[in-house]
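The structure appears right after this line, and notes come after that.
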Amino acid sequence: MRSEPTVFVVDDEQAVRGSLQWLLESLRLRVEPYMSARDFLAAYDPARPGCLVLDVRMPDISGPQLQDILTARRVQLPIIFITGHGDIAMAVRAMKAGAIDFIEKPFNDQVLLERIQNGLALDAQRRREEAERRAILVRLASLTPREREVLEHMLDGQPNKIIADALGISTKTVEVHRAKVMEKMRADSVARLTAMCIVAGIHQEKP
Amino acid sequence: MVARLVALLLLLGSSVVVPVDGAYPSVRAARIQTRTTLPSKPVAATIRYYHHWLGGAGAIVLLLAGASGYVLWLNARLRQAKRYLETEVADRRRAEQALRRSERTLRALHGITAMHERPLTNKIQALLAFGSQQFRLPVGILSRVDGEDYQVQEIVAPNSDICRGAVFPLSRTFCCNTLQSEEPLGFEHAAACEWRRHPAYEQRPIEAYLGMRVRVDSAVYGTLNFVSTEPRLAAFTNTDKEVLRLMAQWVGNEIERDRAEAQMRRLSGALEQTADAVAIVGRDGRIEYVNPAFERATGYSRAEALGRSPRILQSGRHDADFYRRLWQTILAGEVFNATFINRRRDGALYYEEKTITPLRDAAGEVTCFVSTGRDVTQRQLAEEEARHRQAQLAHVCRVSAMGEMATALAHELNQPLAAIVNYARGTMHRLAAGDLQPRDVGAALDRIAHQANQSAEIVRRVRGFLCKGESRRRPTDINDVVREAVELAALEARSREVTIALALAPGLPPVLADTIQIEQVVLNLVHNAVDAIDQAHWPLREVTVHTANADQRVEVTVADTGPGFGTDMAERIFEAFFTTKPDGMGMGLSISRSIIETHGDTLQVTASPGGGAAFRFGLPVVERGPDP
């Protein structure tokens with residue numbers, strides 16, 4: 001069940017937790033309610049997919065404070081803030097700190113559901129991207145140093161002849177390395193290879 | 001008479017008989033023969049022969065001597081008696097004359113004192129003129145002595161430079177001696193006796209003086225004195241002194257009477273002219289006197305009011321209990337004071353603040369009642385108007401306070417509503433998906449109802465608070481009021497992370513209060529405390545509300561752990577329109593204070609910089625009784 005996304009609800013008001021749980025479960029979503037930020041932190045495993053529905057005003061650790069803690073721990077769980085007090089400054093701060101939404105109570109339940117779906121989708125997407133990134137890094141790690149050099153030049157868009165001159169090897173050798181790189185990286189075009197490297201973070205987009 | 005006759009006879013007899021030589025010739029002639037032969041008999045034989053005659057003559061002589069002696073003695077006595085009688089007669093004549101003079105004097109005095117219609121000045125002038133003539137001293141003065149000042153009140157003095165109103169130092173008048181004495185003081189020729197050494201003599205050459213002190217109301221007033229610069233030939237008689245004493249007494253009495261009359265006139269003038277309506281009612285309940293102010297106030301003329309009962313003024317606005325208390329109080333001899341609603345003759349009503357005082361006679365019995373009153377209709381109307389305005393203002397402030405709390409209020413109402421929506425939708429989704437269990441429905445609906453009630457409760461509370469009614473004070477449990485106010489305040493306090501703690505004393509007696517207005521005051525104080533803490537971003541965030549019993553009052557205290565403020569601010573905060581908040585109206589504390597003052601107490605603050613503030617007020621305990 002680890003892979004099933006869960007909606008985590010953190011709010012100190014019983015009415016909110018209870019009613020949200022009722023609503024979300026009626027849509028066959030998995031819900032885990034928590035009374036306080038502390039309780040949530042104690043129980044949450046970052047590997048679990050899902051999203052977080054978070055109240056702003058709570059005693060002890062507030063919503064934004066929990067957001068900061070999660071950011072510090074590099075947890076990328078999407079956060080949807082819900083609050084009874086509309087405060088523009090707070091909303092801006094929350095969004096800048098990475099929340100994906102900020103909803104005022106009473107909210108239209110459709111809107112909330114939509115946002116939760118978005119959140120879950122976003123979370124799923126991020127995880128996919130993360131998984132993909134890791135795969136690319138694994139592949140990169142399998143390249144020999146020489147292959148790695150050839151790759152660098154390939155990313156620069158240089159033809160084989162230039163690469164050969166630069167490395168002091170024959171053009172033919174370059175062609176062999178090139179094929180090897182493509183094979184190991186499982187790329188079927190330089191463009192794709194470039195994209196992968198960008199994703200992996202070893203290459204930057206040229207302006 | 002007989003004695004005189006006998007004496008006269010004897011006298012005559014003796015004058016005949018005693019010259020013996022006259023008788024002898026006849027006797028001798030008768031016995032001449034025997035004489036020739038001159039007896040040689042001696043004188044002794046002659047004596048023996050005539051011894052019966054001698055004896056007889058001797059006896060007669062002795063008798064006559066005795067008789068004449070007696071007569072002489074009687075004579076002397078008679079002469080003495082005559083002299084005595086003459087003296088007596090002369091004295092009596094003198095006394096009668098003196099009496100007649102006194103009578104004249106008294107009659108003249110009476111003539112003056114009986115002049116009732118004349119003003120006091122004239123009477124005293126006449127008296128002085130009379131005395132001057134009576135005592136033959138040209139200057140007559142009535143003086144008033146006050147400390148060292150001797151002031152001439154009245155003077156009769158031909159050719160004198162002293163006039164009415166002149167003031168002299170007392171020690172330089174003879175009268176300073178007169179004042180010390182209970183008897184009249186007088187001297188006829190100063191230069192010839194010790195009086196010439198008196199300091200007054202240096203001042204003015206007064207030779208003759210007669211004076212007596214005058215007492216008014218048992219205190220020394222001054223002197224009545226008559227003087228002359230010429231010496232008086234005759235000495236002052238006792239009569240003179242008695243007359244002067246009488247005059248002085250009369251003057252004293254007259255001055256007393258004059259003062260008393262003036263006082264009477266003042267008093268009766270006061271009564272007649274005062275703007276207060278005065279009525280005197282007898283024990284029988286009938287009006288005996290009313291003054292012009294009463295006539296004006298009630299529309300009843302004196303003639304119409306006399307003899308009637310004060311009931312004619314009853315408006316019907318007071319209950320029987322009120323009048324019962326009135327009569328009970330005044331019949332017991334106590335003063336009754338209240339604001340009455342009276343009816344004028346023309347039917348119009350007016351307010352009168354009236355005091356009824358029972359009057360007692362010398363024996364302590366209540367004889368009648370005096371009622372004094374003044375029209376306070378204007379004041380009463382103004383007071384009612386002010387109360388009305390205050391109630392309106394209080395309402396406006398409540399609305400405004402609610403406005404300030406609107407955000408928090410909205411949040412509080414949203415909470416249950418959001419939950420209701422979720423429960424409803426959730427149920428609908430389950431229904432649409434076909435997996436709705438009956439017990440789920442029950443559970444969801446139950447929770448929906450619960451949340452709805454929460455909202456309803458908040459709405460009820462706010463509605464009650466905003467209610468605009470006329471101020472009505474009734475016996476109230478202060479703890480209930482505090483709880484309601486704190487519930488309202490908590491809406492906001494929660495959102496600003498300030499806790500409100502309650503320290504309510506149990507078993508408090510009911511107090512007389514307008515529930516909504518007191519709730520407003522508590523809410524205002526708690527709200528201010530929360531504000532103070534929140535705006536200062538203060539770490540200690542607690543507000544406590546205490547209630548306690550304090551001897552005929554119940555005290556409510558709202559204390560906070562906020563930043564507090566200095567004593568210079570302590571009074572300013574109560575000023576209308578004073579506020580430290582950028583969007584505040586500044587009316588809260590001002591209206592809170594005036595609400596408490598209307599309830600008969602004060603709103604006070606103790607503030608300590610950095611240590612928080614505490615606001616305290618009290619409410620009067622009411623005896624348990626039926627609601628008015």
Side-chain angles (χ1 to χ4, degrees), chain A residues 7 9-31 33 35-37 53-65 80-91 101-117, chain B residues 404-437 439-458 490-500 534 537 539 541-542:
Chain A
V7 178
V9 176
V10 179
D11 192 314
D12 60 326
E13 299 254 5
Q14 160 59 30
V16 175
R17 291 195 305 274
S19 62
L20 265 183
Q21 188 170 10
W22 178 260
L23 174 66
L24 296 173
E25 281 177 350
S26 75
L27 296 164
R28 312 267 171 93
L29 289 170
R30 224 182 109 141
V31 179
M35 197 158 73
S36 71
V53 174
L54 182 55
D55 185 23
V56 169
R57 281 203 194 270
M58 290 188 292
D60 196 20
I61 302 175
S62 73
Q65 281 174 324
I80 299 165
F81 278 104
I82 52 170
T83 181
H85 316 269
D87 188 329
I88 291 176
M90 191 187 296
D101 226 320
F102 195 95
I103 307 180
E104 270 181 85
K105 286 188 267 195
F107 37 74
N108 184 321
D109 59 315
Q110 279 301 115
V111 169
L112 179 66
L113 287 168
E114 223 174 278
R115 305 294 163 85
I116 288 173
Q117 300 285 25
Chain B
E404 282 173 26
M405 289 177 16
T407 321
L409 191 60
H411 171 73
E412 286 295 314
L413 284 173
N414 282 341
Q415 204 92 299
L417 285 176
I420 289 171
V421 165
N422 290 345
Y423 281 120
R425 287 264 187 245
T427 309
M428 282 166 59
H429 289 173
R430 279 181 172 73
L431 185 64
D435 50 43
L436 183 63
Q437 303 292 325
R439 68 163 186 283
D440 290 340
V441 177
L445 289 175
D446 181 59
R447 297 213 185 97
I448 285 172
H450 178 71
Q451 293 300 316
N453 281 334
Q454 298 269 74
S455 291
E457 185 62 20
I458 293 171
L491 300 179
E492 198 193 19
R494 264 202 296 274
S495 72
R496 296 167 87 175
E497 294 173 337
V498 177
T499 52
I500 305 176
D534 195 40
H537 304 291
R541 305 172 86 86
E542 186 168 287

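Remember, predicted model here, so these are calculated numbers, not experimental data. Within every chain, numbering begins at 1; the chains are lettered A, B, ... in the order of the sequence lines, protein sequences first and strands thereafter.
For the set B:Glu497, B:Met428, B:His450, B:Gln415, the entry with the most heavy-atom pairs within less than 4.5 Å of chain A is B:Gln415.
Taking both residues in full, the closest heavy atoms of A:Ser26 and B:Gly426 are given as CB-O, 3.0 Å, listed atom of the first, atom of the second, then distance. Nearest heavy atoms, A:Ser19 versus B:Asn422: OG-ND2, 3.2 Å.
The existence of a salt bridge linking B:Asp435 and A:Arg28 is confirmed by a sub-4.0 Å separation between a basic side-chain nitrogen and an acidic carboxylate oxygen.
Using a 4.5 Å cut-off between heavy atoms, A:Gln110 contacts chain B through its side chain alone, with no backbone atom that close. Only the side chain of A:Leu113 has a heavy atom closer than 4.5 Å to any heavy atom of chain B.
Under a cutoff of 6.0 Å and an axis angle of 45°, B:Arg430 and A:Trp22 form a cation-pi pair.
B:Arg425 CZ to A:Leu23 CG: the interatomic distance, rounded to the nearest 0.5 Å, is 9.0 Å.
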